J.: 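Shown below is the structure under consideration.
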Amino acid sequence: MRADAFGPEARKAVYDAIHTRRDVRDQFQPDPLPDDVIRRLLEAAHAAPSVGFMQPWSFILLRSEETKRAAWEAFSKANAEAEAMFADGKRDLYRSLKLEGIRKAPLSIVVTCDPDRAGPVVLGRTHNPRMDVYSTVCAVQNLWLAARAEGVGVGWVSIFRDEDVRSLLGIPERIEIVAWLCIGYVRELYQEPELAVKGWRQRLNLEQLICEERWQDMP
């Protein structure tokens, strides 16, 4: 196929998806996602680039109230531990963020990474063993951008103890848990990232993150 640039409308749609993608924490609607939409999201994830074309990702789809309840309990325990790590001035703000996606979203997708899928020696991973995980994160990003295009919200839950999720879902030790994604329809998204809107942290200036040739020249 040709490598021509996209036309203006298609190009704008790609950048719109990138710049309006948000991490949804509390605004999920209960309506289930149609199977064809879920399939398109998974196909987008599976189309991600991977080092050595190893495609190390797998997707566990979770819908049952029983599983969501058990996951919420594991998250709540870890969330209390996380809250205690912040200084007093940050704790009230942390508590106000309402990280409720596990209970509210009609679907969760747990994305895992199998480091053995392409064998013990993988093209491109010979000198950096983490390239399989980096590849899996590309799949997460693909799914997230496709979800934005479909009008579907996604929230990435990272506050849990690894062993709790392994036990709940029967994930072997050799498989790495990369992301717990809460997925569902939302009525609206924040104009800016929620953590910026609520004063947790602001976007850095891009100019401070660019240098030529050597790190020592970083602004």
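Small disclaimer: the values here were computed from a predicted structure and weren't measured.
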J.: Could you check whether any side-chain heavy atom of P115 comes within less than 4.5 Å of a side-chain heavy atom of R125, counting everything from C-beta outward?
T.: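 Counting from C-beta outward, P115 and R125 do come under 4.5 Å.
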
J.: Run the side-chain contact (heavy atoms from CB on, under 4.5 Å) test against Y134 and tell me which residues pass, sequence neighbours left out.
T.: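 N128, R130, M131.
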
J.: Check D88 with R91, please: is the shortest side-chain N to carboxylate O separation under 4.0 Å?
T.: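 Between D88 and R91 there is a salt bridge, with a charged N closer than 4.0 Å to a carboxylate O.
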
J.: Under 4.5 Å between side-chain heavy atoms, counting indirect links through other Ile/Leu/Val/Met/Phe/Trp/Tyr residues: same cluster for I109 and L62 or not?
T.: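 No, I109 and L62 fall in different hydrophobic clusters.
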
J.: Look at the side-chain heavy atoms of Ile, Leu, Val, Met, Phe, Trp and Tyr, link any pair under 4.5 Å apart, and say whether L61 and L143 land in one connected group.
T.: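 Same cluster: L61 reaches L143 through Ile, Leu, Val, Met, Phe, Trp or Tyr contacts under 4.5 Å.
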
J.: In Å, rounded to the nearest 0.5 Å, how long is the span from CG of L189 to CD of Q27?
T.: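 The distance works out to 8.0 Å.
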
J.: Is a donor on one side and an acceptor on the other found under 3.5 Å between the side chain of R187 and the backbone of Q29?
T.: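 No: the side chain of R187 does not pair with the backbone of Q29.
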
J.: Do V110 and F59 have side chains that approach each other closer than 4.5 Å (heavy atoms only, starting at C-beta)?
T.: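 They are not in side-chain contact.
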
J.: Can you tell me how far CD1 of I177 sits from CD1 of I60, rounded to the nearest 0.5 angstrom?
T.: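 Going from the CD1 atom of I60 to the CD1 atom of I177 covers 7.5 Å.
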
J.: What pairs of residues pass the side chain to side chain donor-acceptor pair (under 3.5 Å) test when at least one of them lies in residues 109-119, not counting sequence neighbours?
T.: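 Counting only pairs at least two positions apart or across chains, the side chain to side chain donor-acceptor pair (under 3.5 Å) contacts touching residues 109-119 are S58-R117, D114-R174, D116-R174.
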
J.: Hey, are the side chains of L195 and R25 touching, using non-hydrogen atoms and a 4.5 Å cut-off?
T.: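 L195 reaches R25 side chain to side chain.
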
J.: State yes or no: do L93 and I159 share one hydrophobic cluster built from I, L, V, M, F, W and Y residues joined by side-chain heavy-atom distances below 4.5 Å, directly or via other members?
T.: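 Yes; tracing contacts between hydrophobic side chains, which count when under 4.5 Å, links both residues.
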
J.: Establish whether L145 and L41 are linked, either directly or via other cluster members, by ILVMFWY side-chain heavy-atom contacts under 4.5 Å.
T.: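 Not linked; separate clusters.
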
J.: Using a 6.0 Å cut-off, check whether atom CG of L123 has over 12 heavy atoms from anything other than its own residue.
T.: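 Atom CG in L123 is not packed in, count stays at 12 or less.
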
J.: Using the rule that two of Ile, Leu, Val, Met, Phe, Trp, Tyr join whenever any of their side-chain heavy atoms come within less than 4.5 Å, decide whether V178 and V165 are in one cluster.
T.: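 Looking at the clustering, V165 is in a separate group from V178.
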
J.: Does a sphere of radius 6.0 Å around CZ in R166 hold more than 12 heavy atoms from other residues, nucleotides or ligands, not counting ones at 6.0 Å or beyond?
T.: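 Buried by this count: over 12 neighbours within 6.0 Å.
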
J.: Are there over 12 heavy-atom neighbours, none belonging to D31, within less than 6.0 Å of that residue's CG?
T.: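 Count over threshold, so yes.
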
J.: If we ignore hydrogens and angles and just use 3.5 Å, is the side chain of K68 paired with the main-chain N or O of A105 as donor and acceptor?
T.: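 It does hold such a pair.
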
J.: Looking at E194 and R22, is there a salt bridge between them, counting it only when a charged N and a carboxylate O are closer than 4.0 Å?
T.: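 Salt bridge: no.
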
J.: With sequence neighbours left out, which residue pairs that include part of residues 139-197 fulfil the ring pair (Phe, Tyr, Trp, His ring centres under 6.0 Å) condition?
T.: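 Of all non-adjacent pairs touching residues 139-197, none passes ring pair (Phe, Tyr, Trp, His ring centres under 6.0 Å).
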
J.: Check this for me, if you would: do R69 and E66 make a salt bridge, where the nitrogen-to-carboxylate-oxygen distance has to be below 4.0 angstrom?
T.: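 Salt bridge absent between R69 and E66.
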
J.: Within a reach of under 6.0 Å around CD of Q216, are more than 12 heavy atoms found that belong to other residues, nucleotides or ligands?
T.: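 Correct, the count exceeds 12.
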
J.: If I take atom CG from residue D26 and atom OG from residue S96, how far apart are they, to the nearest 0.5 angstrom?
T.: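 So the CG of D26 and the OG of S96 are separated by 10.5 Å.
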
J.: Would you name the heavy atoms of A139 and W57 that are closest together and state the gap between them?
T.: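 So the minimum-distance heavy-atom pair works out to CB-CE3, 3.7 Å.
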
J.: Checking F86 now: which residues fulfil ring pair (Phe, Tyr, Trp, His ring centres under 6.0 Å) with it, not counting sequence neighbours?
T.: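 F86 satisfies ring pair (Phe, Tyr, Trp, His ring centres under 6.0 Å) with Y94, W200 once adjacent residues are dropped.
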
J.: Atom CD1 of I183 and atom OG of S108: how far apart are they, to the nearest 0.5 Å?
T.: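 That separation rounds to 7.5 Å.
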
J.: At what distance, to the nearest 0.5 angstrom, does CD of E65 lie from CZ of R103?
T.: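 E65 CD to R103 CZ: 11.0 Å, rounded to 0.5 Å.
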
J.: Can you confirm whether P106 sits close enough to L33 that some side-chain heavy atom of one is under 4.5 Å from a side-chain heavy atom of the other?
T.: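 Yes; the side chains approach each other to less than 4.5 Å.
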
J.: Once you round to the nearest 0.5 Å, how far does CD of E73 lie from CD1 of I102?
T.: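 E73 atom CD to I102 atom CD1 measures 11.0 Å (nearest 0.5 Å).
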
J.: Determine yes or no for a side-chain-to-main-chain donor-acceptor pair under 3.5 angstrom, with T67 supplying the side chain and R63 the backbone.
T.: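 Absent.
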
J.: Output all residues satisfying side-chain contact (heavy atoms from CB on, under 4.5 Å) with D16, sequence neighbours left out; order by chain, then residue number.
T.: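 Scan of D16 (side-chain contact (heavy atoms from CB on, under 4.5 Å), adjacent residues dropped) gives K12.
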
J.: Between R95 and D92, is the salt bridge (charged side-chain N to carboxylate O under 4.0 Å, His left out) condition met? List the steps.
T.: CA-CA 5 Å; R95 204 175 297 120; D92 288 343; 2.8 Å; yes

J.: Can a donor-acceptor pair be found, under 3.5 Å and without considering hydrogens, that links the side chain of S50 to the backbone of S135?
T.: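 No, the answer is negative, given that no donor and acceptor are paired below the 3.5 Å cut-off.
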
J.: Under the salt bridge (charged side-chain N to carboxylate O under 4.0 Å, His left out) rule, what pairs show up with a residue in residues 137-150, not counting sequence neighbours?
T.: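 Applying salt bridge (charged side-chain N to carboxylate O under 4.0 Å, His left out) to every pair that reaches into residues 137-150, excluding sequence neighbours, yields R40-E150.
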
